Amino acid sequence: EEFGFLFGGIIFILLFSNYSLSQEKDIKIFSDFQFGGNLKIFNGKNFFSDAHESSYIGFLMDLNVLEYSNFNVGVLYENNVSEVRKPEIAGNFNYMSLNHYSGYIGYKYDYKKFTFHPKIVIGDKKKKKKASGYYATNNGNYWGINGQINYNISKKLAVFSAIGYNFYTFKVKTTPEYENYFNKSNALNISLGIKF
């Protein structure tokens with residue numbers, strides 16, 4: 001629900017900006033797309049770092065929707081997977097899959113062949129646990145801060161690396177003493193990829 005509201009807000013901004021600022025030359029719509037590998041390292045005493053391998057490996061896709069005067073908004077999808085390490089905590093499951101659906105606001109600063117791109121990200125998160133013959137799912141929310149550096153090979157091609165930190169909240173029903181353990185977590189977020 002929260003992501004639907006956020007995505008609707010981004011679309012509204014896009015349409016309003018396209019209408020009201022259509023005479024401006026520095027407006028860019030759907031200006032670039034990014035794809036790359038992604039690693040999340042969960043830390044602290046919680047379900048994600050204790051019951052599974054703390055490093056969740058995956059990929060990301062990032063679309064810059066609207067850019068104006070160095071500020072930009074975009075949408076992001078990430079998928080990360082980790083194997084169960086302690087079935088006595090996680091249950092009879094093989095692995096955990098985490099799906100991120102989010103929007104972000106960022107700022108781009110160019111310096112010679114480099115572009116510095118800090119972002120604030122907010123969105124929905126779905127975790128899916130797979131066992132033999134069945135799945136279990138649970139939804140949550142997250143927000144994060146991210147610092148990205150692009151090395152610009154040409155105007156339309158760059159390689160990028162990024163590092164950030166995410167804060168997660170889930171909605172697992174459990175006893176009060178275990179609510180934080182199952183529902184709160186943080187992760188270091190590292191990415192490497194190509195921008196088109």
Side-chain angles (χ1 to χ4, degrees), residues 1-7 10 34-63 74-106 117-149 159-194:
E1 292 180 1
E2 291 87 351
F3 180 71
F5 178 76
L6 177 67
F7 187 73
I10 289 173
Q34 296 183 161
F35 179 83
N38 180 256
L39 175 67
K40 297 192 190 312
I41 303 171
F42 283 83
N43 48 64
K45 183 75 174 169
N46 58 73
F47 177 68
F48 294 95
S49 58
D50 283 352
H52 311 84
E53 296 295 336
S54 59
S55 297
Y56 287 62
I57 299 170
F59 70 93
L60 67 88
M61 294 184 292
D62 179 324
L63 177 63
V75 290
L76 174 68
Y77 172 76
E78 294 173 295
N79 177 272
N80 297 82
V81 176
S82 180
E83 293 184 357
V84 169
R85 186 163 56 96
K86 293 182 179 178
E88 65 272 21
I89 300 175
N92 189 28
F93 293 96
N94 301 324
Y95 68 83
M96 168 86 77
S97 175
L98 301 174
N99 294 286
H100 299 70
Y101 307 88
S102 59
Y104 63 82
I105 298 172
H117 191 190
K119 302 175 186 177
I120 297 174
V121 181
I122 184 169
D124 276 355
K125 178 97 165 180
K126 178 178 282 188
K127 69 179 182 183
K128 182 164 70 172
K129 298 187 288 184
K130 183 181 183 300
S132 181
Y134 65 95
Y135 296 89
T137 62
N138 186 267
N139 294 336
N141 305 309
Y142 83 103
W143 72 275
I145 52 176
N146 190 45
Q148 179 175 314
I149 300 175
V159 293
F160 74 87
S161 63
I163 187 166
Y165 204 75
N166 292 343
F167 303 86
Y168 297 94
T169 304
F170 282 94
K171 302 169 186 176
V172 175
K173 292 182 180 179
T174 184
T175 56
E177 62 267 30
Y178 288 106
E179 281 184 357
N180 284 339
Y181 181 80
F182 284 101
N183 288 316
K184 304 284 186 181
S185 190
N186 306 322
L188 183 67
N189 189 35
I190 302 170
S191 304
L192 181 67
I194 299 173

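Just so it is clear, the model here is predicted, and its values are computed rather than measured. Reckoned from all heavy atoms, side chains included, excluding hydrogens, waters and symmetry mates.
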Check whether any side-chain heavy atom of N46 lies under 4.5 Å from a side-chain heavy atom of K184, and answer yes or no.
-> no
Evaluate the side-chain proximity of S49 to N43: yes if any heavy-atom separation is below 4.5 Å, no if none is.
-> no
Euclidean distance, F35 CZ relative to L63 CG, rounded to 0.5 Å = 14.0 Å
Does some side-chain heavy atom of E78 sit less than 4.5 Å from a side-chain heavy atom of V121?
-> no
Kindly say whether the aromatic ring centers of F47 and F170 come within a distance under 6.0 Å.
-> no
Close side-chain approach of N141 and K171, heavy atoms under 4.5 Å | yes
Can you tell if the side chain of N146 reaches within under 4.5 Å of the side chain of I163, non-hydrogen atoms only?
-> no
Are any of the side-chain heavy atoms of N99 and Y77 separated by less than 4.5 Å?
-> yes
Does H52 have its ring centroid less than 6.0 Å away from the ring centroid of F93?
-> no
Give a yes or no on whether E179 atom CD has more than 12 heavy-atom contacts from other residues, nucleotides or ligands under 6.0 Å away.
-> yes
Can you establish whether the number of heavy atoms outside I41 located under 6.0 Å from its atom CD1 is more than 12?
-> yes
Interatomic spacing from CG in N80 to CG in L39 - rounded to 0.5 Å = 8.0 Å
Would you check if the distance from the ring center of Y142 to the ring center of F167 is below 6.0 Å?
-> no
Going by heavy atoms in the side chains, are D62 and Y104 under 4.5 Å from each other?
-> yes
Decide if atom OH of Y178 counts as having more than 12 heavy atoms of other residues, nucleotides or ligands within a radius under 6.0 Å.
-> no
For residues N79 and F59, determine if any side-chain heavy atom of one lies less than 4.5 Å from a side-chain heavy atom of the other.
-> yes
Only one of W143, Y168, Y56 passes ring-ring contact (aromatic ring centres under 6.0 Å, His included) with H100; say which it is.
-> Y168
